[in-house]
Amino acid sequence: MATWSAPGKVFLFGEHAVVYGKPGIAMAIKPRVMVTVRHSRFYQKPNSPYIAECFRILDIKGSVYVRSQLPSASGLGSSAAVTVATLFAINDEFSLGHSREELAALSHEVEKITQSGHASATDTYVSTYGGMVLIRSGEKRRLIPPENFSIVIGNTLVSHNTAEMVARVADLMQNSPKIADPIMDSIGAITMEAMHNMENHKELGILMNRNQALLDALGVGHPALSHLALAVRSAGAYGAKLSGAGGGGCIWALCSKGNKNRVINAIEDCDARPIVTSIDTEGVRKEKDE
């Protein structure tokens, strides 16, 4: 058997806009999904459509076992992580010989098929390679992460539907371009400004809050997200915004070490779940079989 793990991600800036050619910044985080694959004479189609598509696209049958530190449907890239880890585990267990680059591309294909063609390559790329990445016009550039960049995530525990949120934005783009286009341009400008202010946490927080307001204007907000973002800002966070598709899921907050506990308490007071984490620089990796 072969066991591989892949990290989740936080979309720091530019989600949704990146689908329309604007820049975005994403970062791999410490929580992981671990997938074990083994040869088996008995094949039962996995419950996860992502895992099922991994086996189909590689034309392999086997058994699979998943352990996850990531909440599903929360905007933290759990589907990408499980896809990446599954493909690498299948490749290892069945000695298929695919390269890391090939498996990263296949991971994106799996997500596109499973999400009816709407998936961005960002999640699977970040989960495969780790680190902090700028995505611009389809190209990916690894960024040097700032020092002391630890964040607090707040999970609203409200599940979201990525395809539904993507379709909502697509509808706005098609039917109200005079409204949607300037919003997308502004999100892109904020992302580029953020890239140049990663060491300036106060300015970065202001940009986070502006990005969040524009995501609300796109229609992908949720009362629980707004409530949580306002609560952590009041507790001293530099800024807070949603991560991922929206409509529920998680926010991420940037705060100083001195304010971290206050931010965590504010998240818990909102009946949400805090996750304290930092950047993962490894990406997908092989684990020791237990």
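The figures here come from the full heavy-atom set of this structure, side chains too, leaving out hydrogens, waters and symmetry mates.
The line from CD1 of I190 to CG of N197 is 12.0 Å long, rounded to the nearest 0.5 Å. One finds the CG atom of L70 at 6.0 Å from the CD1 atom of I29 (value rounded to the nearest 0.5 Å). Interatomic distance, N91 CG to L96 CG, rounded to the nearest 0.5 Å: 5.0 Å. Here the straight-line distance linking atom CE of M27 with atom CD1 of I25 works out to 11.0 Å at 0.5 Å rounding. Annotation: the span from M184 atom CE to K22 atom NZ amounts to 9.0 Å, rounded to 0.5 Å. We find the CH2-OG1 distance between W4 and T36 to be 12.5 Å, quoted to the nearest 0.5 Å.
The heavy-atom pair separating P49 from T114 by the smallest distance is CB-CG2, 3.8 Å. The two atoms that bring V152 and C255 nearest to each other are CG2-SG, 4.0 Å, heavy atoms only. Across all their heavy atoms, H222 and G247 have their closest contact at CD2-O, 3.6 Å. Contact between V232 and A229 at its shortest, heavy atoms only, is CG2-O, 3.3 Å. The two residues S5 and M34 have their closest heavy-atom pair at CB-CG, 3.4 Å. Taking all atoms of both residues into account, the shortest heavy-atom contact from P23 to R136 is CB-CG, 4.1 Å.
Using cut-offs of 30° and 60° on the angle between ring planes, the pair F94 and H39 is tilted.
With hydrogens and angles disregarded, no donor-acceptor distance shorter than 3.5 Å links the side chain of N259 to the backbone of A237. For D92 (side chain) and F88 (main-chain N/O), no donor-acceptor pair under 3.5 Å exists by modelled atom type. A donor-acceptor contact shorter than 3.5 Å links the side chain of T156 to the backbone of G249. A side-chain donor-acceptor contact under 3.5 Å links S127 to the backbone of P7. Remark: the backbone N or O of T162 is not paired with any side-chain donor or acceptor of H160 at under 3.5 angstrom. Side chain of N209 to main chain of A240: a donor-acceptor pair is present (N/O by atom type, distance under 3.5 Å, no hydrogens or angles). Side-chain N or O atoms of S99 include one that pairs as donor or acceptor with a backbone N or O of E102 at under 3.5 Å. Checked by atom type and distance alone, the side chain of H98 never pairs as donor or acceptor with a backbone atom of L103 at under 3.5 Å. R142 places a side-chain N or O within 3.5 Å of a backbone atom of G130 that can act as its donor or acceptor partner. Under a 3.5 Å cut-off, the side chain of R141 and the backbone N or O of L134 do not form any donor-acceptor pair.
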Run the side-chain donor-acceptor check on residues 73-83: report pairs under 3.5 Å with partners two or more places apart or on a different chain.
from, atom 1, to, atom 2, distance (Å)
S74, OG, P71, O, 2.9
S79, OG, E111, OE2, 2.8
T83, OG1, S79, O, 2.7

For residues 262-277, tabulate all N or O donor-acceptor pairs below 3.5 Å that involve a side-chain atom, not counting sequence neighbours.
from, atom 1, to, atom 2, distance (Å)
R262, NE, A235, O, 3.4
N265, ND2, N261, O, 3.2
T277, OG1, K30, N, 3.3

Please tabulate, for the side chains in residues 56-65, all donor-acceptor contacts under 3.5 angstrom to protein atoms that are two or more places apart in sequence or on a different chain.
from, atom 1, to, atom 2, distance (Å)
R56, NE, E53, OE1, 3.1
R56, NE, E53, OE2, 2.9
R56, NH2, E53, OE2, 2.6

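In the hydrophobic clustering of this structure, V126 groups with F149; members are Ile, Leu, Val, Met, Phe, Trp, Tyr whose side-chain heavy atoms approach within less than 4.5 Å, directly or through other members. L143 and V10 end up in the same hydrophobic cluster when Ile, Leu, Val, Met, Phe, Trp and Tyr side chains are linked at under 4.5 Å. Linking ILVMFWY side-chain heavy atoms closer than 4.5 Å, directly or via other members, places M195 and I279 in a single hydrophobic cluster. Under a hydrophobic clustering in which Ile, Leu, Val, Met, Phe, Trp and Tyr are joined whenever their side-chain heavy atoms come within less than 4.5 Å, directly or via other members, I183 and M192 fall into the same cluster. Under the 4.5 Å side-chain heavy-atom criterion for ILVMFWY residues, a single connected hydrophobic cluster contains both V19 and M165.
The environment of N175 atom CG is dense: over 12 non-hydrogen atoms of other residues, nucleotides or ligands sit within 6.0 angstrom. The environment of CD in E101 is crowded: more than 12 heavy-atom neighbours from other residues, nucleotides or ligands sit within 6.0 Å.
The residues E282 and R285 are annotated as salt-bridged, a charged nitrogen and a carboxylate oxygen being separated by less than 4.0 angstrom. Under a 4.0 Å N-O distance rule, the pair D280/K9 does not qualify as a salt bridge. Salt bridge present: E15 and K241 bring a charged side-chain N and a carboxylate O closer than 4.0 Å.
In this structure, V133 and I135 have side chains that are in contact, with non-hydrogen atoms separated by less than 4.5 Å. Counting only heavy atoms from C-beta outward, the side chains of Y20 and M173 approach each other to under 4.5 Å. C54 is listed as a side-chain neighbour of I90, based on a closest heavy-atom distance under 4.5 Å. Considering only heavy atoms from C-beta on, M198 comes within 4.5 Å of M132 through its side chain. Residues Q212 and D216 meet the side-chain proximity criterion, which asks for heavy atoms closer than 4.5 Å. Side-chain atoms of L172 and R168, non-hydrogen and from C-beta on, never get closer than 4.5 Å to each other. Looking at L218 and I187, their side chains come closer than 4.5 Å, going by heavy atoms from C-beta outward. Residues Y50 and Q115 form a side-chain contact, since some pair of their non-hydrogen atoms from C-beta on lies under 4.5 Å apart.
No cation-pi contact links K202 to Y238, judged by a cut-off of 6.0 Å to the six-membered ring centre and 45° from its axis.
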Open item on the list: Assess the residue pair Y129 and T281 against the criterion (side chain to side chain contact (heavy atoms under 4.5 Å, CB included)); give the C-alpha distance rounded to whole Å, side-chain angles, the decisive distance to 0.1 Å, and a yes or no.
Closed with: CA-CA 8 Å; Y129 293 100; T281 56; over 6 Å; no
- [ ] Using the side chain to side chain contact (heavy atoms under 4.5 Å, CB included) rule, take R210 and F13 through it: C-alpha gap first, then chi angles, then the decisive distance, then the call.
- [x] CA-CA 10 Å; R210 288 175 180 162; F13 292 91; over 6 Å; no
Task: Stepwise side chain to side chain contact (heavy atoms under 4.5 Å, CB included) test for T3 and K286 - done: CA-CA 6 Å; T3 300; K286 183 176 174 63; over 6 Å; no
Task: Evaluation steps, side chain to side chain contact (heavy atoms under 4.5 Å, CB included), between T86 and F55 - done: CA-CA 8 Å; T86 300; F55 278 91; 4.3 Å; yes
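Under the side chain to side chain contact (heavy atoms under 4.5 Å, CB included) rule, S107 has a single partner from D123, V84, V284, which is V84.
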